[in-house]
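Everything below concerns the one structure shown next.
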2 protein chains.
Amino acid sequence: MGATLERDIRERFRRSGYTLTSQRKAVLEALGESRGHPSAEDVYLLVKQKNPRVALGTVYQALGVLEEIGVIEAKHWSESPTRYDLNVGPHLDIRCLRCGEVSEVPGVHFENLEDSIRAATPYEVTRATVVVEGLCPACHAEG
Amino acid sequence: MGATLERDIRERFRRSGYTLTSQRKAVLEALGESRGHPSAEDVYLLVKQKNPRVALGTVYQALGVLEEIGVIEAKHWSESPTRYDLNVGPHLDIRCLRCGEVSEVPGVHFENLEDSIRAATPYEVTRATVVVEGLCPACHAEG
DNA sequence: AGATGATCAGTAATCGTTCCTGTTCGCGAG
DNA sequence: CTCGCGAACAGGAACGATTACTGATCATCT
Ligand SMILES: [Mn+2]
Ligand SMILES: [Mn+2]
Ligand SMILES: [Zn+2]
Ligand SMILES: [Zn+2]
């Protein structure tokens with residue numbers, strides 16, 4: 001487990017000045033296990049299975065530093081708590097409006113979109129993200 | 001004021017079965033006056049100036065039905081309360097990370113993006129919105 | 001006038017998230 | 001090794017946006 005921790009992640013911790021504590025490791029492991037896009041609460045429940053003493057606030061704090069150093073990414077949908085993603089490459093995630101499942105949409109590129117936004121506004125554009133919602137195949141089948 | 005109310009809006013109310021009450025009119029007027037992308041709280045404060053008895057909950061309810069019948073649109077940014085927009089045509093809005101100002105980004109089209117999303121996922125895509133953040137010229141100048 | 005259903009005001013409750021306080025941890029200097 | 005110090009933590013309170021509830025009002029129909 002601890003041995004499997006990516007060199008890159010350790011390096012990012014070193015350079016940021018944050019310490020890679022056992023709680024933060026546990027949050028990372030939970031994100032890996034959950035193999036998806038868990039909420040803070042989801043991560044909290046997984047982490048608590050192995051260490052019942054962790055506090056929810058600690059999970060939020062850990063997710064915050066992990067995001068800050070670029071190891072994970074937070075994604076927001078309007079009708080759901082924030083979801084966290086180990087996949088920090090540019091990609092889209094779609095969320096099912098009925099069951100809440102989030103999954104990745106491969107192969108869609110939108111760098112040109114961001115470029116045309118920059119060209120069309122006097123603002124300094126910091127981020128342009130695409131929020132996608134729909135119905136997963138299972139929920140769509142049910143009606 | 002009341003005379004200026006769009007024929008289209010009255011028609012949408014008629015067809016939906018909802019009634020166009022004075023409170024809902026006031027919410028619409030506030031949205032027009034605020035000439036921007038106000039939050040529910042913003043709308044509430046404007047409405048209260050003319051009718052101090054309106055309740056915040058009523059404003060939320062009114063915004064809900066106005067959105068439901070397609071007269072306004074709700075837009076979401078992760079670090080801000082929901083903003084409401086009288087402009088229901090397809091367009092982008094950018095929000096300043098420092099001062100919170102929201103303004104429109106004209107001339108950017110992204111229908112093809114939605115198409116390529118549909119082609120790339122087994123989900124039934126309901127909505128694909130672009131969330132744009134940055135720094136307005138004033139805030140960017142300050143540093 | 002009386003009944004009915006929608007809407008409303010006022011307020012309590014909810015939920016995700018952040019903040020706060022006292023405690024523990026890890027590490028470097030002595 | 002022990003002390004001191006700052007970072008991180010557990011636990012729980014507080015927060016802000018939104019929703020839910022409850023009893024009054026209002027418009028409309030009979
Ligand atoms: Mn993803
Ligand atoms: Mn707009
Ligand atoms: Zn589903
Ligand atoms: Zn600004």
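Model, not experiment: these values are computed from the prediction.
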Students often get this wrong, so: under 4.0 angstrom with heavy atoms, is A:Q23 touching a base, only sugar-phosphate, or nothing? sugar-phosphate
Residues at least two apart in sequence or cross-chain that pass salt bridge (charged side-chain N to carboxylate O under 4.0 Å, His left out) with B:E142, listed by chain then number, are B:R98
Tell me which residues in residues 11-21 of chain B put a heavy atom below 4.0 Å from DNA chain D, sorted by number, or none. none
Residues which pass side-chain hydrogen bond (donor to acceptor under 3.5 Å, both in side chains) with A:E73, listed by chain and number, not counting sequence neighbours: none
What residues, two or more places apart in sequence or in another chain, satisfy side-chain hydrogen bond (donor to acceptor under 3.5 Å, both in side chains) together with B:Y60? none
Heteroatom pairs (N/O) under 3.5 angstrom, protein to nucleotides 10-12 of chain C:
{"from": "C:dG10", "atom 1": "OP2", "to": "B:R53", "atom 2": "O", "distance (Å)": "3.2"}

So, is A:Q61 near the phosphate of D:dC9, with a side-chain N or O under 4.0 Å from OP1 or OP2? yes
Side chain of A:T58 only, heavy atoms from C-beta on: which candidate in C:dT18, D:dA10, C:dT7 is closest? D:dA10
Go through the steps for B:R10 and B:E6 under the test salt bridge (Lys or Arg N to Asp or Glu O under 4.0 Å), then give the verdict. CA-CA 7 Å; B:R10 296 188 181 280; B:E6 308 278 347; over 6 Å; no
Can a salt bridge be assigned to the pair B:E29 and B:K25 using a cut-off of 4.0 Å between side-chain N and carboxylate O? no
Looking at DNA chain C, which of residues 71-82 of chain B put a heavy atom within less than 4.0 Å of it? none
Determine, for nucleotides 21-30 of chain D in 5'-to-3' order, which nucleotides have protein heavy atoms under 4.0 Å from the base (write B), from only the sugar-phosphate (write S), or from neither (write -). ----------
Apart from A:L46 itself, residues in the same hydrophobic cluster as defined by side-chain heavy atoms under 4.5 Å: none
Side chain to side chain, B:T129 and B:H76, heavy atoms closer than 4.5 Å: no
Please state whether the phosphate of D:dT19, meaning OP1 or OP2, lies under 4.0 angstrom from any side-chain nitrogen or oxygen of B:Y60. no
Quiz: residues 121-128 of chain A side-chain donor-acceptor pairs under 3.5 angstrom, not counting sequence neighbours:
{"from": "A:T121", "atom 1": "OG1", "to": "A:Y123", "atom 2": "N", "distance (Å)": "3.1"}
{"from": "A:Y123", "atom 1": "OH", "to": "B:E101", "atom 2": "OE1", "distance (Å)": "2.7"}
{"from": "A:Y123", "atom 1": "OH", "to": "B:S103", "atom 2": "OG", "distance (Å)": "3.0"}
{"from": "A:R127", "atom 1": "NH2", "to": "B:E133", "atom 2": "OE1", "distance (Å)": "3.2"}

Sequence-distant partners of A:D115, side-chain contact (heavy atoms from CB on, under 4.5 Å), two or more places apart: none
Quick one, B:N87 and B:H37 - any side-chain contact, counting heavy atoms below 4.5 Å? no
Using whole Å, report how far OH of A:Y44 lies from C1' of C:dG16. 14 Å
Closest heavy-atom pair and its distance - B:V47, B:A26: CG2-O, 3.6 Å
Give the rounded distance in Å between these two atoms: CG of B:N51 and C1' of C:dC8. 11 Å
Hits for salt bridge (charged side-chain N to carboxylate O under 4.0 Å, His left out) against A:D93, two or more places apart or cross-chain, chain-then-number order -> A:K75
Hey, can you pull the donor-acceptor pairs under 3.5 Å for the side chains in residues 12-22 of chain A, sequence neighbours left out?
{"from": "A:R12", "atom 1": "NE", "to": "A:D8", "atom 2": "OD1", "distance (Å)": "3.4"}
{"from": "A:R12", "atom 1": "NE", "to": "A:D8", "atom 2": "OD2", "distance (Å)": "3.4"}
{"from": "A:R12", "atom 1": "NH1", "to": "A:I69", "atom 2": "O", "distance (Å)": "3.0"}
{"from": "A:R14", "atom 1": "NE", "to": "A:E11", "atom 2": "OE1", "distance (Å)": "3.3"}
{"from": "A:R14", "atom 1": "NH2", "to": "A:E11", "atom 2": "OE2", "distance (Å)": "2.9"}
{"from": "A:S16", "atom 1": "OG", "to": "A:R12", "atom 2": "O", "distance (Å)": "3.2"}
{"from": "A:S16", "atom 1": "OG", "to": "A:F13", "atom 2": "O", "distance (Å)": "2.9"}
{"from": "A:S16", "atom 1": "OG", "to": "A:Y18", "atom 2": "N", "distance (Å)": "3.1"}
{"from": "A:Y18", "atom 1": "OH", "to": "A:E68", "atom 2": "OE1", "distance (Å)": "2.9"}
{"from": "A:Y18", "atom 1": "OH", "to": "A:E68", "atom 2": "OE2", "distance (Å)": "3.2"}
{"from": "A:T21", "atom 1": "OG1", "to": "A:R24", "atom 2": "N", "distance (Å)": "3.3"}

